Amino acid sequence: MRLDKFICKSTELTRSEAKKLLKSGEVRVNGDIAKNPAMQVHENNNIEIDGQTLTARGSRYFMLHKVADTICSNVDEGYPSVLNFLDVDKAFDLHIAGRLDADTTGLVLITDDGRWSHNVISPKKECQKIYRVWLRNPITVEKSIALIEQFTQGIQLQGESSLTKPAILALVTDTDVDNEVLLTITEGRYHQVKRMFAAVGNRVIGLHREQIGTLKLADLTPGEWRNLTEEEVAEFH
Ligand code: URA
């Protein structure tokens with residue numbers, strides 16, 4: 001990790017404050033004055049400020065119940081970022097492991113551990129994301145059989161060169177006609193769920209992420225967040 005990042009992670013300092021401190025020559029790495037913010041360091045290095053050794057704060061992991069009209073971004077742009085909901089130190093140093101659209105609600109994972117979020121997001125890791133989808137055109141049980149097969153085989157999205165990976169489509173109620181379904185996917189292409197239904201002539205009118213891997217919102221109400229437990233974090237290590 002970069003030295004300035006390490007300092008931020010283990011102190012209250014912002015990145016620019018850390019850089020100033022480095023410039024002033026008050027930081028030592030293994031006994032030597034270090035001034036380069038981009039210097040690569042790891043936890044075994046002895047990093048001192050004013051003679052005090054820093055201990056790196058471990059990475060942070062949260063789940064949040066995203067509400068509509070918020071965005072999964074590190075800046076507020078049109079709508080407020082979901083990071084505003086986290087009542088934690090330096091929330092905007094965190095990032096979102098798998099973004100949702102502004103109008104999509106549900107489970108969002110937030111961390112500062114890039115490797116961990118890669119494991120959540122990368123299609124190669126095949127982590128399942130389950131979405132509850134409300135559709136403009138209801139699906140009849142009869143039609144659903146062909147549709148389920150299409151989603152299993154892969155959907156050709158506009159402008160994409162490869163089919164979507166196998167997805168699991170399930171009707172929610174056992175009535176004859178249903179406009180609420182569950183869709184399980186293992187990728188996160190741009191607007192993927194909306195585009196998959198558009199590709200089969202339907203339209204998503206509501207979208208809510210229920211689950212990522214085995215993680216569920218359970219009793220988190222809209223706008224609420226909590227730390228992940230060690231076991232929950234371990235699922236994506
Ligand atoms: N697919 C979408 O189309 N939107 C989301 O927010 C998530 C998945």
Side-chain angles (χ1 to χ4, degrees), residues 62-86 94-111 116-139 144 147-148 150-172 178-217 220-225 236:
F62 306 96
M63 72 158 67
L64 167 80
H65 187 156
K66 180 187 179 294
V67 296
D69 298 341
T70 58
I71 51 168
C72 289
S73 162
N74 282 62
V75 282
D76 298 326
E77 244 174 358
Y79 292 112
S81 160
V82 293
L83 296 173
N84 289 292
F85 284 77
L86 290 188
L94 300 161
H95 63 264
I96 293 111
R99 293 162 178 239
L100 294 178
D101 298 335
D103 56 353
T104 304
T105 58
L107 176 59
V108 166
L109 300 180
I110 300 170
T111 184
W116 188 84
S117 46
H118 174 77
N119 291 342
V120 174
I121 299 164
S122 169
K124 285 195 188 125
K125 303 287 174 184
E126 301 195 340
C127 162
Q128 292 194 328
K129 286 96 186 169
I130 305 183
Y131 291 88
R132 188 170 292 268
V133 190
W134 290 270
L135 296 164
R136 187 171 61 188
N137 308 322
I139 300 174
S144 73
L147 202 57
I148 289 168
Q150 250 182 303
F151 275 75
T152 311
Q153 295 302 322
I155 302 286
Q156 181 62 57
L157 299 180
Q158 240 185 8
E160 303 250 354
S161 54
S162 60
L163 294 180
T164 54
K165 289 184 155 221
I168 306 164
L169 179 67
L171 301 195
V172 170
D178 205 350
N179 75 340
E180 185 180 335
V181 296
L182 288 174
L183 183 69
T184 304
I185 58 175
T186 57
E187 310 169 276
R189 301 192 200 193
Y190 183 65
H191 294 323
Q192 179 160 344
V193 176
K194 291 174 185 167
R195 290 166 70 212
M196 284 174 84
F197 281 100
V200 296
N202 212 322
R203 192 186 167 103
V204 172
I205 54 171
L207 189 56
H208 178 83
R209 184 155 65 197
E210 298 219 325
Q211 197 170 329
I212 299 176
T214 65
L215 304 189
K216 294 180 187 174
L217 286 167
L220 272 195
T221 57
E224 271 192 336
W225 61 274
F236 303 108

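Note that the structure is predicted; figures quoted are calculated from it, not measured. Just so you know, ligand 1 is whichever comes first in the structure, and atom 1 is the first atom listed for that ligand. Note that the numbering runs from 1 along the sequence shown for the chain.
- The pair Arg132-Glu210 meets the salt-bridge criterion, with a side-chain N (NZ, NE, NH1 or NH2) lying under 4.0 Å from an Asp/Glu carboxylate O.
- Under the 30°/60° scheme for interplanar angles, the aromatic rings of His208 and Trp134 are found to stand perpendicular.
- In this structure His95 satisfies the ring pair (Phe, Tyr, Trp, His ring centres under 6.0 Å) test with no other residue, sequence neighbours excluded.
- Near ligand 1, residues Leu100, Asp101, Thr104, Tyr131, His191, Gln192, Val193, Lys194, Leu207 come within 4.0 angstrom through at least one heavy atom.
- Side-chain rings of Trp225 and Phe85 stay apart, their centers remaining 6.0 Å or farther from each other.
- Across all their heavy atoms, Asn84 and Pro80 have their closest contact at ND2-CB, 3.8 Å.
- In the displayed structure, Lys216 atom NZ is contacted under 6.0 Å by at most 12 heavy atoms of other residues, nucleotides or ligands.
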